[in-house]
Amino acid sequence: MAERYGINHAIIPNIALKFKTYTLHMSLTIDDVLRIAHLARIEVTENEAQATLTKLGGILGLIEQMQAVDTAGVAPMSHSQDVTQRLRDDVVTETNQRELFQANAPAVENGLYLVPKVIE
Amino acid sequence: MQWEVVIGLETHVQLKTRTKIFSGASIAFGMEPNTQADAVSTALPGVLPVLNREAVQCAIRFGLAINAEIGRRSVFSRKNYFYPDLPKGYQISQFELPVVGRGRVAVQVPSTSSGQAYEKVINITRAHLEEDAGKSLHADFHGMTGIDLNRAGTPLLEIVTEPDMRSAAEAVAYARQLHELVQWIDICDGNMQEGSFRCDVNVSVRKLGSDKLGTRREIKNLNSFKFMQQAIEYETRWQIETLEDGGSIHQATVLFNPDTGETRAMRSKEEANDYRYFPDPDLLPLEILDTDIEAVRANMPELPLAMKARFEQEYGLPAHDASSVTASRGMANYFVAAVSALGGTHSKDAAKLIANWVMGAVAAKLNEEGRDITASPVSSQQLAGLLGRILDQTISGKMAKEVFEAMWAGEGTADAIIEQRGLKQVSDIGAIEAIVDGVLAANAGMVAEYRAGKEKAFNGLVGQCMKASRGQANPAQVNDILKQKLAG
């Protein structure tokens, strides 16, 4: 099926690798879900966390199955297309559009974007 | 108990490009806030990053300069964290596959009150390309924080060392050497005040003889070598005292406060450091071909170590002199220009004389006035003009000092000053003999002392002769003639 969508097989073990720590622990806990949500700054309620846990568990289950595929000799892949980065000449092409961009901002002063106070 | 400090550095070097790493917005310093914050820097929806070729070439230059392996295929990753001066919610950086791999920097650690100077090789783990963040201004804007995104997207090369350094002196020597190197190969303007060269220093301590690393604390954002030295020394003492008092070190990020001379933990919640790197789908892998590397290599300047070896060989300079005149690109350019201006038939003598003056009088004046050699009021050509007059015996070395001072003060060329002040050395044998005769006649006491075996009296007589000639007599000739006359 992956082939039908033109997806290189190698990307699959690569994704699995990212979740390896979780798959090794067999399954996610509610705490894992809350932690991931916090890191992504997504607010989830207890109920949503439970539902998310079930959904994520299903995805990780699939990844676990895919990890069974023998990928020996397959180079890890970092992009779905087999092309490389094109480079740009070091030439200024952008002009000052501050007025335009800041028209969109909730608060600005002296050319600065204002955001809620950041406390270190 | 004996403790050992273990230090590793991460240095952010701002690359000398015209535009940002992923967009065509200017990176000029000191512009009005957000006037260089284009759609990519402000992370407007729908924008895509396009990599700057010049930034890649700078990275390759650095890789070649430290004899590192260049990553033929390197990958950009997203480093995810939330901060208002990072509007995308991630920094584009490199993780598993950096553009520059392992390399080495040979560092001259200067002598201190407790030890001799020595050379140490510091291993570079990697160097990778990444974008800078914007600036948060915490001055009070009605209880809010101001954000300037002009700096967001500025190309950086982050250079990471192995934990190879064992003292603040070694760490500072490495940082200074790296600072000179990135300017030498022209990838960074080296301006520390403007943040073009910033160091994070990882410090840990362990019992001497142990091969296990202690828990480290990271001192962030040091932008002066003096502060680096102070911060490492304070941090080292603090860690040792904490351990000796039975405490333990927790991994943390600390800031150095120049006013108190202390380091203080910024955040200890290590959860904040879960960056969840993953390859950025907006950027394709960067492929660097042999032809790319060779093109960069063809434009590399001669590197300091190679130049040092050449100076030793070509001009017979002692190792110490050759090191000194290649300590910075500006110094080396000055030296080379002076040698070629003076060169000619006696180029070895000329080179040694120039080295002496560059390390001596010129360096002292520059130091005194806090100037860089590129801003020296006495140009390399002018210095060559002065030293030429020593070599052809128009003036003595002592006179030359006086002329040099006048040149520094902007009074003109060496020849003009010598002429104006009548400093021309007297080498006419008849004239010098007359002076010597006069001195001998007037100082019978000293002559008698000398004849009675008091060698010191001879120097006194030379001094009298020089004084009588108002310093203009050729000292070597005075010596010879005086000896002849006293023997006679």
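On a predicted model such as this, the values are computed, not experimentally measured, just so you know. First the proteins, then the strands, lettered A, B, ... as listed; each starts at 1.
Of the atoms belonging to B:Ala37, it is backbone heavy atoms, and not side-chain ones, that fall under 4.5 Å from chain A. Contacts between B:Thr42 and chain A at a heavy-atom distance below 4.5 Å involve the side chain alone, from C-beta outward. At a 4.5 Å heavy-atom cutoff, the contact between B:Phe22 and chain A is made by backbone atoms alone. With a 4.5 Å cut-off on non-hydrogen atoms, B:Val50 touches chain A through its backbone and its side chain both. Contact of B:Leu44 with chain A is made through the side chain alone, with heavy-atom distances under 4.5 Å. For B:Lys135, no part sits under 4.5 Å from any heavy atom of chain A, backbone or side chain. Contact of B:Leu149 with chain A is made through the side chain alone, with heavy-atom distances under 4.5 Å. For B:Ala39, the parts sitting under 4.5 Å from any heavy atom of chain A are the backbone and the side chain alike. Looking at B:Val56, only its side chain comes within 4.5 Å of chain A, counting heavy atoms on both sides. In this structure, chain A has a heavy atom under 4.5 Å from the backbone of B:Ile21, while its side chain stays farther away. For B:Gln36, no part sits under 4.5 Å from any heavy atom of chain A, backbone or side chain. Using a 4.5 Å cut-off between heavy atoms, A:Gln102 contacts chain B through its side chain alone, with no backbone atom that close.
Among the residues in residues 40-51 of chain A, those with a non-hydrogen atom closer than 4.5 angstrom to a non-hydrogen atom of chain B are A:Ala40, A:Arg41.
Heavy atoms from other residues, nucleotides or ligands lying under 6.0 Å from CD of A:Glu99 number 12 at most.
Of all heavy-atom pairs between A:Leu39 and B:Phe82, the closest is O-CE1, 3.2 Å. A:Phe101 and B:Asp38 get closest at one heavy-atom pair: CE1-C, 3.6 Å. Among all heavy-atom pairs drawn from A:Val83 and B:Pro285, the shortest one is O-CD, 3.8 Å. Counting all heavy atoms, side chain and backbone alike, A:Gln85 lies closest to B:Leu286 at CB-CA, 4.1 Å. Scanning both residues, B:Pro33 and A:Leu112, for their nearest heavy atoms gives CB-CD2, 3.7 Å.
No donor-acceptor contact under 3.5 angstrom links the side chains of B:Ser23 and A:Arg88, judged on distance only.
The closest side-chain heavy-atom distance from B:Arg73 to A:Thr84 is below 4.5 Å.
The main-chain N or O of B:Leu51 is never found under 3.5 Å from a side-chain atom of A:Arg86 such that the two would form a donor-acceptor pair.
From B:His142, atom NE2 reaches atom CG of A:Leu114 across 6.5 Å, with rounding to the nearest 0.5 Å. For the atom pair B:Leu137 CG and A:Asn110 CG, the distance stands at 10.0 Å (nearest 0.5 Å). If you take CZ on B:Arg18 and OG1 on A:Thr93, they are separated by 12.5 Å, rounding to the nearest 0.5 Å.
Ion pairing between A:Asp90 and B:Arg53 fails under the 4.0 Å rule for side-chain N and carboxylate O.
When B:Ser77, B:Gly146, B:Ala55 are compared by the number of non-hydrogen pairs under 4.5 Å with chain A, B:Gly146 comes out ahead. Your options are A:Leu100, A:Asn104, A:Asn96, and the one with the most heavy-atom pairs under 4.5 Å with chain B is A:Asn96. The most heavy-atom pairs under 4.5 Å with chain B, out of A:Val115, A:Val92, A:Thr95, come from A:Val115.
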May I have the step-by-step check of side chain to side chain contact (heavy atoms under 4.5 Å, CB included) for B:Met144 and A:Glu109, ending in yes or no?
CA-CA 10 Å; B:Met144 299 182 88; A:Glu109 189 172 312; over 6 Å; no

Go through the steps for A:Arg98 and B:Glu32 under the test side chain to side chain contact (heavy atoms under 4.5 Å, CB included), then give the verdict.
CA-CA 10 Å; A:Arg98 188 173 77 179; B:Glu32 281 291 301; 4.1 Å; yes

How far apart are the C-alpha atoms of B:Asp274 and A:Arg35, what are their side-chain angles, what is the distance that settles it, and do they pass the side chain to side chain contact (heavy atoms under 4.5 Å, CB included) test?
CA-CA 10 Å; B:Asp274 188 344; A:Arg35 189 176 128 77; 2.4 Å; yes

